[in-house]
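A quick write-up on the structure given underneath.
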Amino acid sequence: MKMMAELNGSDAFIDTDKLIFGIGQVQQITGVSGRQLRYWEEQGYIQSLNQKKGAAREYSLHTLFFVFHVTRFLKDGFTLQAAVDKAKQFDRQLPVLRQFLRSQLKGVDFEDDESILDLGYVDASHHQRIFGVVKDGETYFRIKDV
DNA sequence: TTTCTGACA
DNA sequence: TGTCAGAA
């Protein structure tokens, strides 16, 4: 079966690189004021796609997420600088998480009272299979002999 | 109408 | 950071 990854350079069905947001939209979505966004850009914390002076700023979806995460850490009491660093660390984790899940997640089963993630074999011996269980708001692993 | 830059509180 | 002015 053909994977949707072949539809474009990215691995998503939609080319997220083409999703751009004006400063007004970023304000509405993230709650961060335009004044703050311009200041953050001035400080080098975020980047706008359009660097031309006097032109309206354009932000990528990635930047939108980044701004959102910064506000989250800001609300947690971190300074702007610390919040930005935290957001950058979070950004570094995403590709790793995606790669791991994409290659390791074999499927998801829905039972009556729990959802089960098939995470494949534990090791090359293929004697045991490991599952991620989501039940009653809790998550845990379950290993079964094959 | 929205956004931009610069400036003041 | 918020807000205002004057210009795109």
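Below, read A as the first sequence line, B as the second, and so on, with proteins coming before strands; counting in each chain starts at 1. Computed from heavy atoms alone, side chains included, the values below leave out hydrogens, waters and symmetry copies. The structure displayed is predicted, hence computed values, not measured ones.
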Would you kindly give the [atom1]-to-[atom2] distance between [X] and [N], to the nearest whole Å?
X: L37(A); N: dT2(B); atom1: CG; atom2: C1'; result: 14 Å
X: W40(A); N: dG2(C); atom1: CH2; atom2: P; result: 10 Å
X: L49(A); N: dC4(B); atom1: CG; atom2: P; result: 13 Å
X: R35(A); N: dT3(C); atom1: CZ; atom2: P; result: 11 Å
X: N50(A); N: dT2(B); atom1: CG; atom2: C1'; result: 15 Å
X: Y59(A); N: dT3(B); atom1: OH; atom2: P; result: 10 Å
X: R38(A); N: dG6(B); atom1: CZ; atom2: P; result: 11 Å
X: E41(A); N: dG6(B); atom1: CD; atom2: C1'; result: 15 Å

May I ask you to decide if the ring planes of H69(A) and F65(A) are parallel, tilted or perpendicular, using 30° and 60° as cut-offs? tilted

By nearest-nucleotide position on DNA chain C, the 5'-leaning member of L74(A) and G54(A) is L74(A)

Minimum heavy-atom distance Q27(A)-L37(A), with the two atoms named: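 Closest approach of Q27(A) to L37(A): CG-CD1, 4.3 Å.
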
Could you walk me through whether L105(A) and L117(A) pass side-chain contact (heavy atoms from CB on, under 4.5 Å), step by step? CA-CA 7 Å; L105(A) 182 60; L117(A) 287 62; 3.8 Å; yes

With heavy-atom distances below 4.5 Å as the criterion, would you say the side chains of I46(A) and Y59(A) are in contact?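 Counting from C-beta outward, I46(A) and Y59(A) do come under 4.5 Å.
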
Would a 4.5 Å heavy-atom cut-off, applied to side chains only, mark V32(A) and W40(A) as touching?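 When only atoms from C-beta onward are counted, W40(A) and V32(A) do touch, with a gap below 4.5 Å.
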
Looking at DNA chain C, which of residues 19-32 of chain A put a heavy atom within less than 4.0 Å of it?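 Output list: empty, so none.
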
K52(A) with E58(A): basic N within carboxylate O range, under 4.0 Å: no

Examine dT1(C): is either OP1 or OP2 under 4.0 Å from a nitrogen or oxygen in the side chain of S33(A)? Give yes or no. no

